[in-house]
Amino acid sequence: MEDKDHSETMGNKQPYFTFGVIADVQYADRPTAPNCWGSLRYYRDSLTHFHHAVAEWSSQATVPNFVLQLGDIIDSSNKRLQESENALEKVLQVTEGMKGRWHHVWGNHELYNFKRSYLVQSKLNTRPMEDPIPDIERGEAADYYAYHFSPYPRFRFVVIDTYDLSSLGRDMNHPNYQASIAFVTQSCSPEEPGDSKARKHERQLVNFNGGVGKEQLSWLHKILTYADEQEEKVVIASHVPIHPNAQVTNCLAWNYSEILDVLHRHSCVVSYIAGHEHHGAYCQDSHGIHHITMEGVIESPPNTNAFATVHMYKNKMVLHGRGRVKSREMSFVQNGQ
Ligand SMILES: Nc1ccn([C@@H]2O[C@H](COP(=O)(O)O)[C@@H](O)[C@H]2O)c(=O)n1
Ligand SMILES: O=P(O)(O)OC[C@H](O)CO
């Protein structure tokens, strides 16, 4: 592979590649209103913000090679208003204003609006853009929405499904629905039978969060093993944060510690990017992984915004935030140093 980092050290700071990132557009054709926790949600302004983000990416000297859309592209209220398909059509039209590719993540609001079988057939399914790796197969019954792609030699992005374990979007007889019930029951059950005070307290086990099932974790482990062997750097993209310090309220994957354990077994992982927590957050964990939680477009007042352009280099990523998103430079401490 050509080592372009040479040009960086020579003062010509050309990134290897550039991508856009945006989360929680949560569009609905309804007036601004507070949510049940009191934060204002700007349902109509959100579409304008999305347009502005796409216009800015398109006009940049280097148009991003792709955009990570981190889920909740439309709001749950569309279901009640019987507007789910129209709202989806409107936001997808916005994405067509840009030449680069889009990689879509699924959040809880996709699952409030649509069944998984609908999403699979929709333009929100970007899994066909997977760069397959021979010998790494999914089980036949696997229907989690996860895939990986390599936008540049020695870099890989893995989209994971943090509602694989969830009561949302699945039929009650689906094995993962049953596994979800089992997971929640087990995690919340009394440690000693009959001792109701000894319940393990797992605040994150609520409907708007979800988790990653065993099969998907084992698939993820295989991809990351391959990436380690190839000396790749890996960015994971999903909807729900997995580090307690990368969220503010209670936006944490059900089995966040199991997911973190898988990532921590691999030196290739440099970053985990999520949405869901509209306040945004950031931390670097004990293994050097940069956990970036994007501010939500939906909670961005008029004349602000929340999106970013990220430049990727050999040993760092530089995130240029717009609106409520803070810019930051993040060095990689894993392989390649
Ligand atoms: N106790 C809480 C829990 C969550 N939030 C906020 O809700 C947002 C996620 O909910 P969605 O329905 O939009 O997915 C997120 O921004 C949390 O900060 C809260 O404020 N308080
Ligand atoms: O920051 P880390 O890498 O020690 O991970 C934190 C814990 O696993 C979360 O409870």
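Just so it is clear, the model here is predicted, and its values are computed rather than measured. Numbering of ligands and ligand atoms starts at 1, following listing order.
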Discussion item. As a quick check of understanding, evaluate side chain to side chain contact (heavy atoms under 4.5 Å, CB included) for R324 and N305, giving each step before the final call.
Written reply: CA-CA 6 Å; R324 301 193 303 128; N305 211 329; over 6 Å; no

Worksheet item: Does R30 make a cation-pi contact with Y43 (under 6.0 Å, within 45 degrees of the axis)?
Response: yes

Worksheet item: At what distance is the nearest protein heavy atom to atom 5 (N) of ligand 1, and which residue and atom is it?
Response: W37 CE3, 3.3 Å

Discussion item. Tell me whether K316 forms a cation-pi arrangement with Y313, defined as NZ or CZ under 6.0 Å from the six-membered ring centre and within 45 degrees of its axis.
Written reply: yes

Worksheet item: Near H279, which atoms of ligand 1 are under 4.0 Å from a heavy atom of that residue?
Response: 18 (O)

Item to complete: Output yes when a side-chain donor or acceptor of Y163 lies under 3.5 Å from a complementary backbone atom of F208, and no otherwise.
Response: yes

Worksheet item: Quick one: do K115 and D171 make a salt bridge, cutoff under 4.0 Å?
Response: yes

Worksheet item: Does ligand 2 have an atom that lies less than 4.0 angstrom from a heavy atom of P244?
Response: yes

Item to complete: Find all atoms of ligand 1 within a distance of less than 4.0 Å from any non-hydrogen atom belonging to F208, and give their numbers and elements.
Response: 3 (C), 4 (C)

Worksheet item: How does H109 reach ligand 1, by side chain, by backbone, by both or by neither, if only non-hydrogen atoms under 4.0 Å count?
Response: side chain

Worksheet item: Which protein non-hydrogen atom lies closest to atom 7 (C) of ligand 2, naming both residue and atom, and how far is it?
Response: L260 CD1, 4.3 Å

Response to the item:
Numbered in order shown, the ligand 1 atoms found under 4.0 Å of a heavy atom of D72 are 14 (O)

Worksheet item: For the side chain of T293 and the backbone of A246, is there at least one donor-acceptor N/O pair under 3.5 Å apart?
Response: yes

Worksheet item: How far is atom 15 (C) of ligand 1 from its nearest protein heavy atom, and which residue and atom is that?
Response: H276 O, 3.2 Å

Worksheet item: So is R41 polar-close to ligand 1, meaning N/O to N/O under 3.5 Å?
Response: yes

Worksheet item: Any nitrogen or oxygen of Y112, main chain or side chain, under 3.5 Å from a nitrogen or oxygen of ligand 1?
Response: no

Worksheet item: Which residue owns the protein heavy atom closest to atom 3 (O) of ligand 2, what's the atom, and how far is it?
Response: S286 OG, 2.5 Å

Worksheet item: Based purely on interatomic distance, does E277 place a nitrogen or oxygen under 3.5 Å from a nitrogen or oxygen of ligand 1?
Response: yes

Worksheet item: Closest non-hydrogen protein atom to atom 17 (C) of ligand 1, residue and atom name please, with distance?
Response: T249 OG1, 3.3 Å

Worksheet entry | Q26: numbered ligand 1 atoms lying under 4.0 Å from its heavy atoms | 13 (O)

Discussion item. The test is side chain to side chain donor-acceptor pair (under 3.5 Å); show your working for Y16 and H311 and say whether it passes.
Written reply: CA-CA 8 Å; Y16 284 0; H311 296 306; over 6 Å; no

Discussion item. Can you name the atoms of ligand 2, numbered from 1 with element, that are less than 4.0 Å from a heavy atom of H264?
Written reply: 3 (O)

Fill in: Passing candidate, salt bridge (charged side-chain N to carboxylate O under 4.0 Å, His left out) with D164, options R138, K214, R170
R170

Worksheet item: If you draw the axis of the six-membered ring of Y145, does the NZ or CZ of R116 fall within 45° of it and under 6.0 Å from the ring centre?
Response: no

Worksheet item: In terms of atom number and element, which parts of ligand 1 are under 4.0 angstrom from non-hydrogen atoms of C251?
Response: 15 (C), 17 (C)

Worksheet item: Is it the case that more than 12 heavy atoms not belonging to E96 sit under 6.0 Å from its CD atom?
Response: yes

Worksheet item: Do W102 and F149 make the cut of ring centroids closer than 6.0 angstrom?
Response: no

Item to complete: Determine whether any heavy atom of S39 lies closer than 4.0 Å to an atom of ligand 1.
Response: no

Worksheet, complete the sentence: atom 16 (O) of ligand 1: closest protein heavy atom, distance to 0.1 Å, is H278 N, 2.9 Å

Worksheet item: Taking the six-membered ring where the residue is Trp, are the ring centres of F155 and F17 under 6.0 Å apart?
Response: yes

Response to the item:
When distances are taken from atom 5 (O) of ligand 2, the protein heavy atom at minimum range is H243 NE2, 3.4 Å

Practice prompt. Decide whether the shortest distance between a heavy atom of N108 and an atom of ligand 1 is less than 4.0 Å.
Written response: yes

